Structures are given as structure tokens and as C-alpha cells.
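Working notes, beginning with the structure itself.
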Amino acid sequence: MAVLSLVARRLAAALVLLGALSVITYGLLVASPGGPEQVLLGTRPSTPETRAAIRAEYHLDDPFPLRYAHWLGDAVHGDFGVSIYSREPVTDVIADRLPVTAGLAGYALLITFAVGVPVGLVAAMGRGGLLDQGITLGSLVLLAVPPFAMSILLLYGFAVALGWFPVFGAGDTFMERVTHLTLPAVALAAAQAAMVVRQMRAAALDLAGQDFLTFARARGLPRTRVWIGYALRNAALPVLTVGGLLLAANLTGALFVEQAFGLHGLGALLIAAVSQKDIPVVQALVLFGGAIVVAVNLLIDLAYLVVDPRVRHGAVAL
Amino acid sequence: MRGVLAGLLGLAVLVALFGSHLAPHDPAAQDLALGVAGPSAAHWLGTDDLGRDVLSRLLAGAGSALLWPVLVAVGTTTLSTSLGLLAGYRLGWIDAIMMRTVDLAIAMPGMLVLIVLVGVLGGGYGWSVLAMAVLFTPGDIRVIRSLTLAQRELAYAEAARTLGLPPRRVMFRHLLPNLAPTVVSNALLSFVAALVSLAGLSFLGIGLPAGTPDWGLMVEENRDLLDLNPWASVAPVVLITLVATSATLLGDRLFDTLSKGGAR
């Protein structure tokens with residue numbers, strides 16, 4: 001019962017968030033300089049006929065709530081209209097750019113956890129030592145370095161000065177793609193890995209002194225059971241919480257990294273669309289980003305339910 | 001360590017205030033015959049593709065790069081501290097409404113909204129700064145509120161209430177000093193976030209006309225010159241990173257010292 005009401009509450013909150021985002025994004029069209037008619041006309045010649053066609057096509061003569069409802073109805077069905085710049089359906093434009101960004105984000109996430117978790121554990125094991133202090137300070141510094149700064153430094157160091165990696169583009173074959181995406185992925189992962197290191201270190205230190213671990217060992221439970229069933233399960237909670245933060249960092253970080261490395265992904269698409277006032281593309285991308293954030297946060301909540309029985313039985317408020 | 005950090009930030013303040021007077025050349029003066037060149041005696045950090053002096057542009061841009069974020073930090077901290085105290089101390093419907101709004105605002109992909117709003121509605125620093133203050137405040141409200149909730153139950157707060165002091169006095173004269181470590185470190189973190197976001201926005205080419213001597217914009221405009229005069233792009237990156245890192249580390253240290261010395 002507690003589980004059901006929790007899930008229902010979360011779903012409702014997700015819908016409210018997406019609703020608010022959709023009003024903001026739709027409002028963009030109305031508020032943009034020149035008004036909706038001018039924006040949607042784009043570079044086409046402005047004659048009474050084309051204007052009338054635009055007004056009819058986008059229901060511009062209807063009152064705002066009705067227009068919004070029309071637009072939202074289409075958007076829910078995946079129809080965001082046509083890009084003003086390229087005249088192609090918005091969904092096609094996005095589908096075209098998605099692989100680069102997805103590859104970059106996935107690669108960065110892989111680096112984040114492959115580096116962050118073991119380094120955090122190493123720091124916790126050598127608590128207070130020189131290595132621990134170095135790791136803690138290093139992760140604090142990395143957290144403060146913005147992705148675009150990291151990109152430029154990596155680009156200069158490893159691509160221009162040392163020449164180990166390509167400077168530009170995303171590559172064609174799979175292997176090319178991996179070498180082209182390595183520096184961008186590292187730039188994106190650096191701050192996130194630092195976040196995971198700090199979280200992992202804190203979780204491990206917190207666990208080390210817990211009575212239930214001592215008791216589990218005292219009962220003679222096998223080592224694997226103690227580590228996986230007891231320690232890892234408890235350490236997973238704070239790391240899960242960071243998941244949402246990581247995602248937000250990933251989404252916005254990708255914008256900067258793509259710009260710095262000249263990758264043609266969704267981030268570059270958004271920047272181009274914003275500067276060209278290609279509102280339909282901007283609207284679709286903002287809602288897409290919002291939907292991803294909402295979906296992942298829901299998944300994290302569900303993961304809490306799976307991992308932590310206290311949440312499942314409603315003993316701990318989430 | 002703290003001396004070094006504070007010294008670096010003090011230097012940054014001086015440069016921000018007097019940077020444009022210190023510039024050895026006119027930051028907008030072009031020398032197309034010279035074009036892009038590496039460091040020399042006349043141009044310590046070299047020139048960009050239009051032959052403009054990189055050092056002078058950095059100095060001229062220091063004011064906007066550093067002072068606007070200070071404005072964001074002051075605005076965000078004032079707003080979030082008063083609202084957080086109010087919500088946590090008064091509770092009831094004020095708290096309920098505020099917390100629902102904060103929940104919604106925190107769940108928003110903030111940077112995305114910032115980029116889109118500033119990019120589409122047109123620009124200048126003013127809008128970005130206002131949007132940032134609005135976006136950064138909710139997170140701090142939540143932190144201050146949760147601390148207020150803990151503090152209001154302590155004996156000294158109860159004593160102040162029993163004495164019949166008005167809520168405003170209890171909140172700002174009694175509770176606030178006990179939240180000082182968090183307020184100070186929040187302010188420094190807001191400054192860092194604003195510095196990085198502002199530089200990031202101009203790096204993306206959003207909100208500023210081309211040619212403005214702005215650190216973020218310089219990074220982007222001179223990115224293609226990395227092989228000819230790397231300093232043109234790397235120097236602003238180093239400055240942004242240096243200021244952001246020292247402010248973060250200083251906030252971290254200050255929080256530790258204040259909460260050790262100030263804990264009552």
C-alpha cells in the first residue's frame with residue numbers, strides 16, 4: 001500500500017513538472033521577439049498568403065489556452081512540427097543527432113563509475129593518509145572545473161600539443177568513434193567522477209564502523225554475503241541519490257563539451273536552434289531533456305524501493 | 001593554504017575593479033597586419049586573429065566576469081536565507097507552498113532553461129543574472145529551511161520565544177548567527193556557480209554580441225587558434241578555473257572553521 005501511494009505521488013509530481021516545462025517552452029514562442037507569426041515564418045517571404053497559411057496551420061487565431069492544448073496534443077503524440085531552419089520534421093532532426101550524444105553520455109557514465117567507485121574506496125581505506133588527502137583535494141578541485149574549461153585544457157594538452165587524439169568531429173567507424181569521443185567523454189566525466197568519489201568515500205567510511213557489519217561477521221556469515229548483501233546494499237543508497245545530480249550534470253555538460261569539440265549532437269543542435277530562433281526544435285529538445293530527467297528520477301525512486309526494505313514498508317519517508 | 005586562497009581572490013577583486021585601467025593596450029584595437037601571434041615583449045599573452053592584445057582583453061573582461069557573479073551571490077543568498085528562515089520558522093501554509101514550489105524548481109533542468117530563456121529572449125548580462133538568481137535560490141532555501149527546523153527546537157531558541165521576542169527578532173538575531181557557516185559557504189558556492197554559468201553562457205555564444213571582451217566568449221572565439229596562440233583561449237580558461245577553485249576551496253575551509261568555532 002505504502003509502495004503504491006509512493007509511486008502514485010511520484011508520478012503525479014513528474015506530470016506537474018513536465019506540465020510546467022511545457023508551458024514555459026510553449027510560452028517561448030509567444031514571448032520571442034517579433035511574435036509567433038514572424039518566428040514561424042522564418043526566412044520565407046512575408047506575403048499576406050504565407051502569413052494566413054501560418055496562422056491557420058498553427059491555430060494562431062485561437063485563444064492561448066486552446067492553442068497550447070492543440071500544441072500539447074500533437075507533442076504528446078510525438079509531433080513537434082517542422083524545423084523552421086531545415087524544413088524537416090523536428091523528430092527526424094533529433095533522431096539524426098541522438099546517437100552522438102547518447103554515445104558521449106554513455107561513455108562518460110562508464111568512465112565516471114569505472115574510475116569513481118574504486119578511487120573512492122581506495123581513499124576510504126587509506127583514511128586520513130596522504131593518498132586520501134590528495135584524492136579528497138583533487139576531487140574538490142575537479143568539481144569546481146566547468147566542463148568547457150576541462151574540454152579546452154584537454155583539447156590543448158592531448159589533441160594539439162601532444163597530438164594523441166583527433167581535434168575535431170565524431171569519426172565514422174566504431175574504432176574511430178571511440179578515439180574521437182575519448183577526450184570529450186573524459187571532459188564530461190571528470191566532475192561527475194569527482195562527485196562519485198566523494199560520495200563513495202563517505203559511504204564506505206560510514207559503513208566501516210557499523211554494528212550490523214560486525215554482527216554479520218560475528219555470526220559467521222560468508223564474506224561475500226556480508227559484502228554484497230549488507231555492505232554494498234547500504235552503500236548503494238547514497239550513490240543512487242547522486243544519480244539524479246549526475247544526470248543533470250551530464251545533460252548540461254554535454255552541451256558545452258559538444259560545442260568545444262565540434263561534435264554534432266543534441267547539444268550543438270540546441271545551441272544552433274536557440275541562435276536561429278528555431279523554436280519548434282528548441283521546444284522539442286527542452287521537453288525531451290525534461291522527460292529524461294523525470295524518467296531517470298522515477299527509476300531512481302523505484303530502485304530505492306528495490307534496495308531498501310525500509311522505504312518499501314513506508315518506515316522511512318522518501 | 002587559506003592565506004593563499006584569500007590572496008588569490010583579493011587579487012581577483014583588484015583586477016575586477018581596476019582591470020580596464022591596467023590594460024597595456026586598447027582591448028578593442030585591432031592590428032590586422034600582426035594578426036594572431038604568440039607571446040612577445042609587447043603582447044605578453046600574444047594576440048588573437050584580429051591582432052587584439054589578449055592580456056588587455058582579459059583585464060578589460062575581468063569586471064563583468066567577476067562582479068556580476070558577486071551580484072548573483074548576494075541576491076541569491078539574501079533571498080534564500082530570508083525565505084528559508086521564514087519557511088522553517090513559521091511552518092504552516094507558508095512552508096507548504098514554498099516547499100512545493102522549491103521541489104518543482106529543483107527538479108527543473110536549470111541550465112537548460114537558462115540557456116533557452118536567455119538565448120531566445122535576447123541578451124545582455126542583466127537577464128542572465130536575474131535568471132540565475134531565480135534558478136539558484138530554491139536549492140539554498142531548502143538547505144536553510146532544514147537547518148532552521150533543527151535550530152528552532154534548541155533551548156536558546158525556545159528561551160528567546162519564551163521571553164516574548166517577536167518572530168522576526170528570533171529569526172534574524174538568534175537563529176541566523178547560528179546558520180552563519182552555511183550562509184557563508186552557500187554564498188561562495190553561488191558565486192562559483194554564477195561565474196561558471198555566466199562564462200558558460202558566453203562560451204556557447206549566448207546573450208552577448210561578438211567582440212565583447214568577455215572571458216567565456218574569448219575561450220570560444222579563440223578555440224580555433226589553439227595551435228597558433230594557445231594562450232588566447234587557455235588563459236581565460238585558467239583564470240575562470242583558478243577563481244572558481246579558490247572560491248570553492250575557501251568556502252570549504254571557512255565552513256569547517258566557522259562551524260567548529262561558532263558551534264554553540
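Here the structure is a predicted model, which means the values were calculated and not measured. Lettering follows sequence order; numbering is per chain, from 1.
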Plane angle bin for B:F203 and A:F148 - parallel if under 30°, tilted between 30 and 60°, otherwise perpendicular =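 Judged by the thresholds at 30° and 60°, the geometry between A:F148 and B:F203 is parallel.
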Side chain, backbone, both or neither: which part of [X] has an atom under 4.5 Å from a heavy atom of chain B?
X      : answer
A:I279 : side chain
A:V293 : side chain
A:V282 : side chain
A:A260 : both
A:L17  : both

Could you name the residues of residues 64-74 of chain B that have a heavy atom within less than 4.5 Å of a heavy atom in chain A?
->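 At a heavy-atom separation under 4.5 Å, chain A is reached by no residue of residues 64-74 of chain B.
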Indicate the atoms forming the closest heavy-atom contact of [X] with [Y], along with that distance.
X      : Y      : answer
A:L255 : B:L204 : O-CD2, 4.1 Å
A:Y156 : B:P230 : CE1-CB, 3.2 Å
A:V274 : B:G119 : CG1-CA, 3.3 Å

Gap separating the CG atom of A:L153 from the OG1 atom of B:T241, nearest 0.5 angstrom =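 Rounded to the nearest 0.5 Å, the CG-OG1 separation comes to 6.0 Å.
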Can you tell which part of [X] gets under 4.5 Å to a heavy atom of chain A, answering side chain, backbone, both or neither?
X      : answer
B:I240 : side chain
B:I206 : side chain
B:T245 : both
B:A199 : both

Out of A:I24, A:L270, A:T25, which residue meets the side chain to side chain contact (heavy atoms under 4.5 Å, CB included) rule with B:V116?
->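 Running side chain to side chain contact (heavy atoms under 4.5 Å, CB included) over A:I24, A:L270, A:T25 with B:V116 returns exactly one hit, A:L270.
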Who passes side chain to side chain contact (heavy atoms under 4.5 Å, CB included) against B:R142, sequence neighbours left out?
->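 Only B:V102, B:D103, B:I106 meet the side chain to side chain contact (heavy atoms under 4.5 Å, CB included) criterion with B:R142.
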Is the closest side-chain heavy-atom distance between A:F261 and B:R223 below 4.5 Å?
->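 No. Closest side-chain heavy atoms not under 4.5 Å.
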